[in-house]
Amino acid sequence: MPEISRRAFGGLVGGGAVTAVAGTTTAADAVERPFKARHAASSGRRPNILVILGDDLGWADLSSYGAPHISTPHLDRLARQGVRFTDAYSGSATCSPTRFSLYTGRYPGRTPGGLAEPIGNRTQGLDPNHPTLASLLRKAGYATALIGKWHCGWLPDYSPTKSGWDEFFGNHGGVLEYFSKLGQLGDYDLYEGDATYKDLRYYTEVLTERAVEYVGRDHDRPWLLNLNFTTPHWPWLAEGDEEMGAEIEAKIRAAKSQAEVVAALNHYDGGSVEKYKEMVESLDAAVGEVLAALRRSGQEENTLVLFASDNGGERYSYNWPLSGEKFVLLEGGIRVPTIVRWPARIDGHQVSHEPNFSPDWTATLLEIGGARPDPAYPLDGTSLAGYLLKDEELPERDLFWRVRANRALRRGDWKYYQDAAKTDHLYNLAADSREQADLAPDEPELLAELKASWEKTAATLLPYPN
């Protein structure tokens, strides 16, 4: 048997070997090879950039990541055509902080709005003066659009069109009922630009239709499209569930407080593993439609597609073998499926075990798009462009997370984690991706080193409000 590195072993434990244990093999496992950059000269043409986010999609919710009961042929095909990352992470454990980290390339705690976990009222949001992925790419000559969930503040003070996106079609809040479009503030939440847009069809269908139209246009310059689905976030509604949607709508309209509105949308009395399966497969079909439109438009070859989730899974998600879920900094709360495809520059059938997180992709896309970060707002992410395109090794660095309840830092295979009881833990993820073997008593010096590194970074962030 050939030797295998600890990191590669960790990736296998976290990916293909999950299904191998059960006696099956995913489509991705059958053909994947370790990532290696293609040695080819660039054409000099900057790519279109299509960033697709699922919402609360768990790390193993795709069949190419090990789900035994969910079929995701379109995303599996995307993975075969590009690179599947086994050790990719969201910037936080909840929706809006991760979006802050992706849009700004910085830790959520750099800005007041990023301290909300997640944003839940009109006073919080992304400062329109803060540079973003969209504003910097637009300055570099890109057309920019955001379709779907924004969740970085409500009108009148906050909106994608105030933060660098030329076009916006979607919802401002973190959740809505899929048919009525009533959101967490109890009001209608589907907008085109700054005006409400009436459409009572299933929301995933509406967003897909708009994205298909956008990528199919006759563009005269490269473009950035952030396509943010709400699927498979609760309430647990699939296409055809109008009757259940109407029941939730009635509860929202009868609510006497925002807490009652959110309780209705939380849908704690609904859902099932089968319903969740329907929702994930609906997301997969929607992505398939958008990618088919991209192919028909003739732009597929020079479009970089990045697919990921905004945080770990929740309730009905399949996260095995990871522990934890959304809201916590255990692996199940922050490790997410991540796929990159760019046929013009990156070969397919590849898998990468390099740890990375949301701010890295901001830095990567800016570099590939020829945009310069604003020196007044230094990025916390590290560009992966050299790794992806030139076979350069990534520098050793720490991945850092902070939420009110937890703290975490990953360095190589090691992870420092502090739980809600303020107990420190140390895990070797290559050997223990489930985070069950706490090595803190055995490695006190390493624990102290990683903890000190976490505290050094945390000291540069804004404090949480009382």
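This structure is a prediction, so every number in the text was calculated from the model and none was measured. Computed over heavy atoms, backbone and side chain alike; hydrogens, waters and symmetry mates excluded.
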J.: May I ask you to test the R341-F307 pair for a side-chain heavy-atom distance under 4.5 Å?
T.: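 The answer is no, as the side chains (C-beta and beyond) never meet within the 4.5 Å cut-off.
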
J.: Where the side chain of D189 meets the backbone of H172, is there a donor-acceptor pair that is under 3.5 Å apart?
T.: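 Flag set: sc D189 to bb H172 pair under 3.5 Å.
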
J.: Is the backbone of R434 close enough, under 3.5 Å, to the side chain of S323 for a donor and an acceptor to pair up by distance?
T.: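 Side chain of S323 to backbone of R434, a donor-acceptor pair under 3.5 Å: yes, one is there.
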
J.: Examine Y268 together with W234 and report whether their ring centres are nearer than 6.0 Å.
T.: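 Ring centres of W234 and Y268 not closer than 6.0 Å.
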
J.: So L53 and S309, side chain to side chain contact (heavy atoms under 4.5 Å, CB included) or not? Walk me through it.
T.: CA-CA 5 Å; L53 284 186; S309 178; over 6 Å; no

J.: So does L237 get a backbone contact from the side chain of Y202, meaning a donor-acceptor N/O pair under 3.5 Å?
T.: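 Judged by distance alone, yes, a pair lies under 3.5 Å.
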
J.: Please assess M244 against H267 for the test side chain to side chain contact (heavy atoms under 4.5 Å, CB included), listing each intermediate value before the final yes or no.
T.: CA-CA 10 Å; M244 178 59 69; H267 204 188; 3.7 Å; yes

J.: Students often mix this up, so state it plainly: with edges at 30° and 60°, are the rings of H69 and Y318 parallel, tilted or perpendicular?
T.: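 Perpendicular, since the angle between the ring planes exceeds 60°.
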
J.: Applying side chain to side chain contact (heavy atoms under 4.5 Å, CB included) between V51 and each of T362, N226, L304, N228, report the one that passes.
T.: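 Among the candidates, only N226 passes.
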
J.: Looking only at side-chain N and O atoms, does T72 offer a donor or acceptor that is under 3.5 Å from a partner on S63?
T.: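 Yes, side-chain donor-acceptor contact under 3.5 Å.
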
J.: Looking at side-chain heavy atoms only, is the closest gap between N121 and I119 below 4.5 Å?
T.: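 Counting from C-beta outward, N121 and I119 never come under 4.5 Å.
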
J.: Strictly under 6.0 Å, is that where the ring centroids of W223 and Y214 end up?
T.: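 Yes; Y214 has its ring centre under 6.0 Å from that of W223.
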
J.: Show your reasoning for whether side chain to side chain donor-acceptor pair (under 3.5 Å) applies to T460 and R110.
T.: CA-CA 8 Å; T460 70; R110 298 281 184 213; 2.9 Å; yes

J.: If you round to the nearest 0.5 Å, how far is OG1 of T144 from CG of L224?
T.: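 Here the interatomic distance stands at 6.5 Å.
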
J.: Do the side-chain N and O atoms of Y276 and R315 include a donor-acceptor pair separated by under 3.5 angstrom?
T.: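 Judged by distance alone, the side chains do not pair up.
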
J.: For side chain to side chain donor-acceptor pair (under 3.5 Å), just list the numbers for T204 and T231, CA-CA rounded to whole Å, side-chain angles, deciding distance to a tenth of an Å, and then say yes or no.
T.: CA-CA 7 Å; T204 306; T231 322; 2.6 Å; yes

J.: Would you please indicate if the ring centroids of F169 and Y191 are separated by under 6.0 Å?
T.: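 That pair fails the under 6.0 Å test.
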
J.: For a salt bridge (charged side-chain N to carboxylate O under 4.0 Å, His left out) check, start with the C-alpha distance between E247 and K251, then their side-chain angles and the critical distance, and finish with the verdict.
T.: CA-CA 6 Å; E247 292 181 17; K251 292 179 181 179; 5.7 Å; no

J.: Going by atom types alone, do T303 and E300 pair a side-chain donor with an acceptor below 3.5 Å?
T.: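 No, E300 and T303 have no side-chain donor paired with an acceptor closer than 3.5 Å.
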
J.: Ignoring hydrogens and angles, state whether a donor on the side chain of T338 or R84 is under 3.5 Å from an acceptor on the partner side chain.
T.: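 Checked: T338/R84 side chains show no N/O donor-acceptor pair below 3.5 Å.
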
J.: Could you please spell out the steps behind the side chain to side chain contact (heavy atoms under 4.5 Å, CB included) verdict for Y203 and F179?
T.: CA-CA 6 Å; Y203 193 35; F179 298 97; over 6 Å; no

J.: After noting the C-alpha distance and the side-chain angles of R122 and D187, does the key distance pass the salt bridge (charged side-chain N to carboxylate O under 4.0 Å, His left out) rule?
T.: CA-CA 12 Å; R122 294 187 187 276; D187 53 6; 2.8 Å; yes

J.: Determine, using ring centers only, whether Y417 and W454 are less than 6.0 Å apart.
T.: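 Ring centroids of W454 and Y417 are no less than 6.0 Å from each other.
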
J.: Given 3.5 Å as the limit, does a donor-acceptor pair link the side chain of S101 with the main chain of P359, or not?
T.: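 The answer is no, because no donor-acceptor pair under 3.5 Å joins these two groups.
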
J.: Does any donor atom in the side chain of T132 or S163 lie under 3.5 Å from an acceptor atom in the other side chain?
T.: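 There is no such pair between these side chains.
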
J.: Test side chain to side chain contact (heavy atoms under 4.5 Å, CB included) on D424 and K451; report intermediate values, then the result.
T.: CA-CA 9 Å; D424 293 329; K451 181 174 182 176; 2.8 Å; yes

J.: Just to verify, what does R210 make a side chain to side chain donor-acceptor pair (under 3.5 Å) with, not counting sequence neighbours?
T.: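 Applying side chain to side chain donor-acceptor pair (under 3.5 Å) to R210 gives E192.
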
J.: Rounded at 0.5 Å granularity, tell me how far OG in S92 sits from CG in L102.
T.: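 CG of L102 is found 12.5 Å from OG of S92.
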
J.: Is it the case that R402 places NZ or CZ above or below the six-membered ring of Y464, under 6.0 angstrom from the centre and within 45 degrees of the axis?
T.: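 Verdict for Y464: a cation-pi partner in R402.
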
J.: Quick one: does T364's side chain have a donor or acceptor within less than 3.5 Å of a partner on S383's backbone?
T.: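 Flag not set: sc T364 to bb S383 has no pair under 3.5 Å.
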
J.: Would you please test W401 and Y107 for ring-ring contact (aromatic ring centres under 6.0 Å, His included) and show each step?
T.: CA-CA 8 Å; W401 297 270; Y107 300 129; 9.2 Å; no

J.: Side-chain donor-acceptor pair under 3.5 Å between R106 and H130, yes or no?
T.: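 Short answer, yes.
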
J.: May I ask you to check whether D87 and H353 show a side-chain donor-acceptor distance below 3.5 Å?
T.: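 No pair is found: no donor N or O on one side chain lies under 3.5 Å from an acceptor on the other.
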
J.: Ignoring hydrogens and geometry, is there a side-chain-to-backbone donor-acceptor pair from Y416 to A452 under 3.5 Å?
T.: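 Checked: no pair found.
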
J.: Can you check whether R201's main-chain N or O pairs, donor with acceptor, with K181's side chain at less than 3.5 Å?
T.: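 Yes; at least one donor-acceptor contact below 3.5 Å.
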
J.: Is it the case that the side chain of R410 and the backbone of D398 share a donor-acceptor pair, with hydrogens and angles ignored and the cut-off at 3.5 Å?
T.: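 No, the answer is negative, given that no donor and acceptor are paired below the 3.5 Å cut-off.
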
J.: Before you tell me yes or no, could you show the steps for R404 and E117 under salt bridge (charged side-chain N to carboxylate O under 4.0 Å, His left out), namely the whole-Å CA-CA distance, both residues' side-chain angles and the distance that decides it to 0.1 Å?
T.: CA-CA 8 Å; R404 281 184 180 268; E117 295 172 352; 5.0 Å; no

J.: Kindly indicate whether the side chain of L265, heavy atoms from C-beta on, has any atom under 4.5 Å from the side chain of I252.
T.: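 Yes, their side chains come closer than 4.5 Å.
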
J.: Do Y142 and N48 have side chains that approach each other closer than 4.5 Å (heavy atoms only, starting at C-beta)?
T.: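 They are not in contact (no side-chain heavy atoms under 4.5 Å apart), so the answer is no.
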
J.: Would you call E331 and R335 a salt bridge, taking side-chain N to carboxylate O under 4.0 Å as the test?
T.: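 Answer for the salt bridge query: yes.
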
J.: Mind checking what makes side chain to side chain donor-acceptor pair (under 3.5 Å) contact with S297, not counting sequence neighbours?
T.: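 Here the qualifying residues are Q299.
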
J.: Take atom CD in E243; do more than 12 heavy atoms of anything else shown fall under 6.0 Å from it?
T.: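 No.
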
J.: Say you draw a straight line from OH of Y65 to CD1 of I70; how long is it, rounded to the nearest 0.5 Å?
T.: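 Output value for this atom pair is 14.0 Å.
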
J.: F168 ring centre to K162 NZ or CZ under 6.0 Å, with the angle to the axis within 45°?
T.: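 Pair K162/F168 does not count as cation-pi.
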
J.: Does any N or O in the side chain of D360 come within less than 3.5 Å of the main-chain N or O of F357, such that one atom is a donor and the other an acceptor?
T.: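 Yes: the side chain of D360 pairs with the backbone of F357.
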
J.: Tell me yes or no: between the side chains of Y178 and E239, is some donor less than 3.5 Å from an acceptor?
T.: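 No donor-acceptor contact under 3.5 Å links the two side chains.
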
J.: Residues in side chain to side chain contact (heavy atoms under 4.5 Å, CB included) with D55, at least two apart?
T.: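 Partners of D55 by the side chain to side chain contact (heavy atoms under 4.5 Å, CB included) criterion, ordered by chain and then number, come out as C95, R99, K149, T230, H233, D310.
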
J.: Any donor and acceptor pair, going by atom type alone, linking the side chain of S90 with main-chain N or O of I334 inside 3.5 Å?
T.: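 Present.
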
J.: Does the side chain to side chain donor-acceptor pair (under 3.5 Å) test come out yes or no for E177 and S180, once each step is laid out?
T.: CA-CA 6 Å; E177 192 277 302; S180 69; 2.6 Å; yes

J.: Checking ring-ring contact (aromatic ring centres under 6.0 Å, His included) for the pair Y316/W236: CA distance, chi angles, key distance, verdict?
T.: CA-CA 10 Å; Y316 299 113; W236 312 112; 5.1 Å; yes

J.: Hey, does L306 have a side-chain heavy atom less than 4.5 Å from the side chain of I49?
T.: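 The answer is no; the side chains never approach within 4.5 Å.
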
J.: Between W165 and Y103 (judged by ring centroids, cut-off 6.0 Å), do the two rings come close enough to count as a pair?
T.: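 Yes: the rings meet the under 6.0 Å criterion.
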
